[in-house]
Peer 1: 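Mind having a look at this structure? Questions to follow.
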Amino acid sequence: MEIDSCREVLTNMAYEAQNISSLELNRALLARQMLLSRSDMPVLDTLEWFIGLQAQAPNAPYYSLWTRLEGFEQSQLSALISGRRAVRIALMRSTLHLVSASDCLLLRPWVQTLHERALNGSFGKRLASVDLASLTAEGRRLVEEQPRTFNELGKLLAQAWPDTDQEALSAAVRTFVPLIQIPPRGLWGESGQATHTSAEVWLEQPLHAQPDIEKLVRRYLAAYGPATVKDMQAWSGLTRLKEYFEQLRPQLVVFRDERGNELFDLPDAPRPEADLAPPARYLGEFDQMLLGIADRSRFMDTAYGKRILTANGILRSTILLNGYIEGIWSIERSSQKAVLIIDPFRPLTKEEQEDLIAEGEKLLQFAAAGIDHEILFN
């Protein structure tokens with residue numbers, strides 16, 4: 001009995017949460033997000049490290065990779081998309097992501113229930129009389145016959161379902177057929193409407209069976225931890241993930257933040273000292289750090305929220321100073337000149353301005369090489 005009692009005490013000690021400060025959480029997240037120093041990780045491996053990059057804005061993944069990878073060039077990502085090794089597809093939170101081909105096949109079945117819930121919320125009444133199985137089969141036939149825009153797809157489907165809203169018809173096909181946006185959409189410097197075909201045709205492989213969710217939890221913690229169950233649920237759009245964290249608890253370390261929240265992490269993941277000084281960084285639109293966790297106080301004053309997230313759902317490009325969001329930025333470009341406009345949320349020190357100018361010159365060289373540059377502070 002004494003041996004058993006000792007074992008129980010040791011087990012309880014292993015599960016006991018350690019205290020972690022808000023500043024330590026900030027530094028840990030920056031380390032996982034490659035924002036303390038640029039990484040030399042290959043581009044495809046980086047896509048998989050983050051389990052995809054938000055891609056509602058076509059150029060957003062390029063800025064995300066530029067600020068995180070040493071020597072990143074636009075052609076590296078464009079080549080992956082053209083070569084079908086990376087794809088644009090609606091996944092987590094039913095929003096568009098750029099992921100590796102492998103993760104596309106892995107993740108799409110995992111988020112199927114989320115897509116169906118979103119469809120019912122937006123178009124359920126308009127689709128009430130439609131045989132969804134027949135609609136799905138016809139939609140798949142059309143997009144696999146040749147790539148289609150959503151507008152074109154809706155018009156073609158309306159020939160068989162003339163009494164149903166065309167937008168609802170297209171949305172239903174998107175829900176039940178894994179639709180990929182094909183190039184040139186998503187290539188740097190290219191434009192054009194988004195056209196779609198099925199993942200199975202584009203990648204010439206079937207979707208995987210349901211993924212190992214415990215493995216996905218570990219992958220999520222590697223890139224976004226330490227994190228709460230709520231954080232991962234906000235990132236994915238899915239619920240009821242707590243049971244997977246509980247199953248993994250013996251393999252994880254557990255922390256408690258200053259508000260008493262329980263956070264999980266991988267034992268060997270980097271957690272730098274709080275006094276580490278992060279560099280100035282520019283984050284692009286819809287940056288995955290802002291969308292990757294529920295608790296944004298980890299990297300910003302939540303009072304700034306309305307200045308970063310617009311009424312129509314645009315998540316603006318932001319600046320990081322000492323690891324926290326302290327403003328927004330944009331580039332205004334003509335044929336002869338590109339102007340980086342920095343709009344800080346508070347007065348900046350001379351050193352902060354100098355750091356932003358130095359990093360801003362690199363940003364302009366990446367985004368608008370070959371023309372004149374200027375940096376302005378509002």
Side-chain angles (χ1 to χ4, degrees), residues 26-78 80-81 86 97-99 186 188-189 222-224 235 270 272 276-293 296 298-300 304 308 314-331 333 338-345 348 352-369 373 375:
N26 172 271
R27 296 329 193 220
L29 181 60
L30 294 177
R32 317 300 172 80
Q33 289 287 307
M34 306 179 186
L35 293 170
L36 292 178
S37 61
R38 284 184 167 90
S39 170
D40 60 0
M41 185 180 291
V43 175
L44 190 63
D45 291 349
T46 305
L47 294 183
E48 295 193 339
W49 172 262
F50 290 117
I51 324 178
L53 304 177
Q54 196 79 15
Q56 283 146 286
N59 286 341
Y62 292 87
Y63 288 111
S64 176
L65 293 169
W66 169 80
T67 206
R68 290 170 166 87
L69 297 182
E70 191 68 45
F72 171 72
E73 297 179 355
Q74 296 93 329
S75 60
Q76 295 173 297
L77 181 56
S78 290
L80 291 176
I81 298 171
H97 282 72
L98 178 69
V99 296
W188 182 270
Y224 298 93
W235 165 79
L276 186 69
R281 286 288 185 258
Y282 290 85
L283 304 182
E285 291 178 281
F286 302 102
D287 190 87
Q288 71 267 12
M289 187 174 77
L290 280 70
L291 293 164
I293 60 175
R296 293 178 182 169
R298 201 172 304 175
F299 50 77
M300 63 178 278
Y304 296 153
I308 295 170
I314 302 299
L315 197 58
R316 289 175 168 160
S317 303
T318 57
I319 58 173
L320 282 180
L321 292 171
N322 194 34
Y324 290 87
I325 291 174
E326 299 289 2
I328 56 178
W329 65 271
S330 61
I331 294 177
R333 179 172 177 168
V339 181
L340 171 60
I341 300 171
I342 301 170
D343 186 6
F345 295 156
L348 302 180
E352 287 173 333
Q353 290 188 14
E354 290 174 348
D355 289 343
L356 286 172
I357 289 171
E359 187 70 5
E361 289 289 356
K362 299 175 186 176
L363 173 61
L364 285 168
Q365 187 60 38
F366 172 79
H373 298 156
I375 297 176

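Numbers here are sequence positions counted from 1.
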Peer 1: Atom CE in M41, atom CG in L69: separation rounded to 0.5 Å?
Peer 2: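 With rounding to 0.5 Å, CE (M41) is 8.0 Å from CG (L69).
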
Peer 1: When you measure from the side chain of Y282 to the backbone of L356, do you find a donor-acceptor pair of N or O atoms at a distance under 3.5 Å?
Peer 2: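 Answer holds: yes.
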
Peer 1: If you look at every heavy atom in P278 and L30, which pair is closest and at what distance?
Peer 2: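 Minimum heavy-atom contact is CG-CD1, 3.7 Å.
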
Peer 1: Roughly how far, to the nearest 0.5 Å, is the CD1 atom of I293 from the CZ atom of F299?
Peer 2: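 Going from the CZ atom of F299 to the CD1 atom of I293 covers 4.5 Å.
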
Peer 1: Please examine the side chains of F286 and L53, heavy atoms only from C-beta on, and report whether any two atoms are closer than 4.5 Å.
Peer 2: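 No, their side chains stay 4.5 Å or more apart.
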
Peer 1: Are any side-chain N or O atoms of Q54 and backbone N or O atoms of P61, one a donor and one an acceptor, separated by less than 3.5 Å?
Peer 2: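 Side chain of Q54 to backbone of P61, a donor-acceptor pair under 3.5 Å: no, none is there.
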
Peer 1: Quick check: W188 with Y63 (ring centres under 6.0 Å apart)?
Peer 2: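 They qualify: ring centres under 6.0 Å apart.
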
Peer 1: With sequence neighbours left out, write down each residue that passes side chain to side chain donor-acceptor pair (under 3.5 Å) with Q288, or none if nothing qualifies.
Peer 2: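 Testing Q288 for side chain to side chain donor-acceptor pair (under 3.5 Å), a comparison that skips the adjacent residues, returns S64.
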
Peer 1: How long is the span from the CZ atom in F72 to the CZ atom in R38, to the nearest 0.5 Å?
Peer 2: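 Here the rounded value is 11.5 Å.
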
Peer 1: Quick check: does any side chain N or O of Q74 sit under 3.5 Å from a backbone N or O of F366, one acting as donor and the other as acceptor?
Peer 2: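 Yes: the side chain of Q74 pairs with the backbone of F366.
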
Peer 1: Could you pull out the closest heavy-atom pair between W66 and K362, with the gap in Å?
Peer 2: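 Taking every non-hydrogen atom into account, CZ2-C, 3.7 Å.
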
Peer 1: Got E326 and E352 here, is their nearest side-chain heavy-atom distance under 4.5 Å?
Peer 2: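 E326 does not reach E352 side chain to side chain.
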
Peer 1: Can you check whether G186's main-chain N or O pairs, donor with acceptor, with Y62's side chain at less than 3.5 Å?
Peer 2: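 Checked: pair present.
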
Peer 1: Do the side chains of I308 and L315 get nearer than 4.5 Å, heavy atoms only?
Peer 2: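 L315 vs I308: side chains touch.
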
Peer 1: Of all heavy-atom pairs between G323 and N26, which one has the smallest distance, and what is that distance?
Peer 2: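 Nearest pair, atom of G323 first, then N26: O-ND2, 2.9 Å.
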
Peer 1: Could I get the full list of side-chain contact (heavy atoms from CB on, under 4.5 Å) partners for A368, not counting sequence neighbours?
Peer 2: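 For A368 the side-chain contact (heavy atoms from CB on, under 4.5 Å) partners, ignoring immediate neighbours, are R333, A338, I371, H373.
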
Peer 1: Nearest 0.5 Å please: distance from the CE atom of M300 over to the CG atom of L290.
Peer 2: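 Answer for the CE-CG pair, M300 versus L290, is 7.0 Å.
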
Peer 1: Between E285 and A57, what is the shortest heavy-atom contact and its length?
Peer 2: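 E285 and A57 have their closest heavy atoms at OE1-CB, 3.5 Å.
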
Peer 1: Quick check: closest heavy atoms across R27 and L276, and the distance to 0.1 Å?
Peer 2: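 It is NE-O, 3.0 Å.
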
Peer 1: Side chains of L320 and I325, heavy atoms from C-beta outward: is any pair under 4.5 Å?
Peer 2: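 They are in contact (side-chain heavy atoms under 4.5 Å apart), so the answer is yes.
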
Peer 1: Applying side chain to side chain contact (heavy atoms under 4.5 Å, CB included) to R296 and L291, what does each step give before you reach the verdict?
Peer 2: CA-CA 9 Å; R296 293 178 182 169; L291 293 164; 3.8 Å; yes

Peer 1: Step through the shown structure and confirm whether more than 12 heavy atoms of other residues, nucleotides or ligands are within 6.0 Å of CG on D45.
Peer 2: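 Correct, the count exceeds 12.
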
Peer 1: Just verifying a value: how many Å separate L363 CG and I357 CD1, rounded to the nearest 0.5 Å?
Peer 2: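 Those atoms lie 13.0 Å apart.
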
Peer 1: Using modelled atom types and a 3.5 Å cut-off, is there a donor and acceptor pairing between side-chain atoms of R68 and backbone atoms of S39?
Peer 2: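 No; zero donor-acceptor contacts below 3.5 Å.
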
Peer 1: Considering non-hydrogen atoms only, spot the tightest contact between G71 and Q76 and give its length.
Peer 2: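 Here G71 and Q76 meet closest at O-OE1, 3.8 Å.
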
Peer 1: Sequence neighbours excluded, which residues qualify as side-chain contact (heavy atoms from CB on, under 4.5 Å) partners of P344?
Peer 2: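 Testing P344 for side-chain contact (heavy atoms from CB on, under 4.5 Å), a comparison that skips the adjacent residues, returns I342, L348.
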
Peer 1: Under 3.5 Å, side chain of R298 to main-chain N/O of L29, donor-acceptor pair present?
Peer 2: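 Such a contact is absent between R298 side chain and L29 backbone.
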
Peer 1: Please report the interatomic distance OH(Y304) to CD1(I328), rounded to the nearest 0.5 Å.
Peer 2: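 If I round to the nearest 0.5 Å, the distance is 12.0 Å.
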
Peer 1: Between L364 and I331, is any pair of side-chain heavy atoms under 4.5 Å apart?
Peer 2: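 They are in side-chain contact.
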
Peer 1: So Q33 and Y224, do their side chains get closer than 4.5 Å, heavy atoms only?
Peer 2: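 Contact flag for Y224/Q33 side chains = yes.
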
Peer 1: Between R281 and T318, is there a donor-acceptor pair closer than 3.5 Å when you use the side chain of the first and the backbone of the second?
Peer 2: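 No.
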
Peer 1: Please confirm whether the backbone N or O of I341 pairs with a side-chain atom of W329, one donor and one acceptor, at under 3.5 Å?
Peer 2: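 Looks like no, no N/O pair under 3.5 Å.
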
Peer 1: Without swapping roles, check the side chain of W49 against the backbone of R32 for a donor-acceptor pair under 3.5 Å.
Peer 2: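 Indeed, once roles are kept as given, a pair shorter than 3.5 Å links the two residues.
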
